[in-house]
Novice: 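Here it is, the structure in full.
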There are 2 protein chains.
Amino acid sequence: MRPLYHPPVSEITVEGILYALADPARVAILSQLMNAECEQNCTAFAKLGNKKMPKSTLSQHFRILREAGLIRSERVGVEMRNRIRCGELKGKYATMIEAILKAYAGQKRQKA
Amino acid sequence: MRPLYHPPVSEITVEGILYALADPARVAILSQLMNAECEQNCTAFAKLGNKKMPKSTLSQHFRILREAGLIRSERVGVEMRNRIRCGELKGKYATMIEAILKAYAGQKRQKA
DNA sequence: TTAATAGTTCAGTAAGTATGAACTATTGAA
DNA sequence: TTCAATAGTTCATACTTACTGAACTATTAA
């Protein structure tokens, strides 16, 4: 099992972040991680938006979020703890990410 | 030649916009359209970011921006005039789009 | 008509995505 | 230890999507 790659802040790009967030499932994950205010394991997201997701798919979503520089994953015992890279993203990308999450939230509210 | 499709505001989605803007070429187009403050034809973008782009590729980029609801294209004589759907996007998505363009601009400045 | 301009569409290939199945890593018994 | 359970990761394959040269469409003008 290859070690998880976390890009340094200097390698994080706007297009990488947008690519990662162009999928509602990944935005839902990020959103939940943000609200949780604490790290969560992957299984906490097994069913997002009333549809259950295969764990392989979920794993890919986490990889993409991780490699975009949005989250940090760390193994603790049998599980993988994920948390937002808040401190590192602040300043450069915080405004954009917040605006995206807010727009998604507004859209979700409107559909309901 | 099939008629160009412009989604109504109700069909514009956050994920669609993010997908469209997850490509630097398309962001460059949108950015230039925004700064131009007037409509521009496609050829105005033939070389973005110091690399010339095949016109078929450019055409696809415009189609994606159009179908995401970000721009409106209209034939005028032989050329196709493109402009941002400013008024329609205001309120719902303006903040997000501005934040994205600003983040891209910051990134570009830093690379230079 | 014919040519020029400005794209659009098609076709083929290349690259990316989703997911079941198999595998890895860790913990906790028996 | 060995076995099972838990929590993912990686692989293989099918499927979808993107890039781009070539062919086509639409408009204008000579």
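Side-chain atoms are counted along with the backbone in the values below, which use heavy atoms only and exclude waters and symmetry mates. Lettering follows sequence order; numbering is per chain, from 1.
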Novice: Looking at residues at least two apart in the chain, or sitting in another chain, which of them share a side chain to side chain donor-acceptor pair (under 3.5 Å) with A/Thr13?
Specialist: none

Novice: CE of B/Met80 versus P of D/dT25: gap in Å, rounded?
Specialist: 15 Å

Novice: Check salt bridge (Lys or Arg N to Asp or Glu O under 4.0 Å) between A/Arg75 and all other residues, then give those that pass, not counting sequence neighbours.
Specialist: none

Novice: Quick one: B/Asp23 CG to C/dG16 C1', roughly how many Å, whole number?
Specialist: 14 Å

Novice: Specify the separation, in whole Å, of atom CG of B/Leu4 and atom C1' of C/dT9.
Specialist: 12 Å

Novice: Choosing from D/dA7, C/dA6, D/dT10, which nucleotide comes nearest the side chain of A/Glu79?
Specialist: D/dA7

Novice: Tell me which residues in residues 60-78 of chain A put a heavy atom below 4.0 Å from DNA chain C, sorted by number, or none.
Specialist: A/Gln60, A/Arg75, A/Gly77, A/Val78

Novice: Go through the steps to decide whether A/Tyr104 and B/Leu18 satisfy the test side chain to side chain contact (heavy atoms under 4.5 Å, CB included), and finish with yes or no.
Specialist: CA-CA 11 Å; A/Tyr104 262 104; B/Leu18 293 186; 3.7 Å; yes

Novice: My understanding is that only residues two or more places apart in sequence, or in another chain, count here; which of them pass salt bridge (Lys or Arg N to Asp or Glu O under 4.0 Å) with B/Glu88?
Specialist: B/Arg72, B/Arg85

Novice: Return the nearest nucleotide to the side chain of A/Asn41; candidates are D/dT20, D/dG8, C/dG7.
Specialist: D/dG8

Novice: Answer yes or no: does a side-chain N or O of A/Thr57 lie under 4.0 Å from OP1 or OP2 of C/dA18?
Specialist: no

Novice: Can you sort out the partners of A/Glu15 under salt bridge (Lys or Arg N to Asp or Glu O under 4.0 Å), two or more places apart, ordered by chain and number?
Specialist: none

Novice: Tell me whether the OP1 or OP2 atom of C/dT19 has a side-chain N or O from A/Ser56 closer than 4.0 Å.
Specialist: no

Novice: Who else is in the cluster with A/Leu4 when I, L, V, M, F, W and Y are joined by side-chain contacts under 4.5 Å?
Specialist: A/Met80

Novice: Considering only side-chain heavy atoms of A/Lys55, which listed nucleotide, C/dT9, D/dG8, C/dA6, is closest?
Specialist: D/dG8

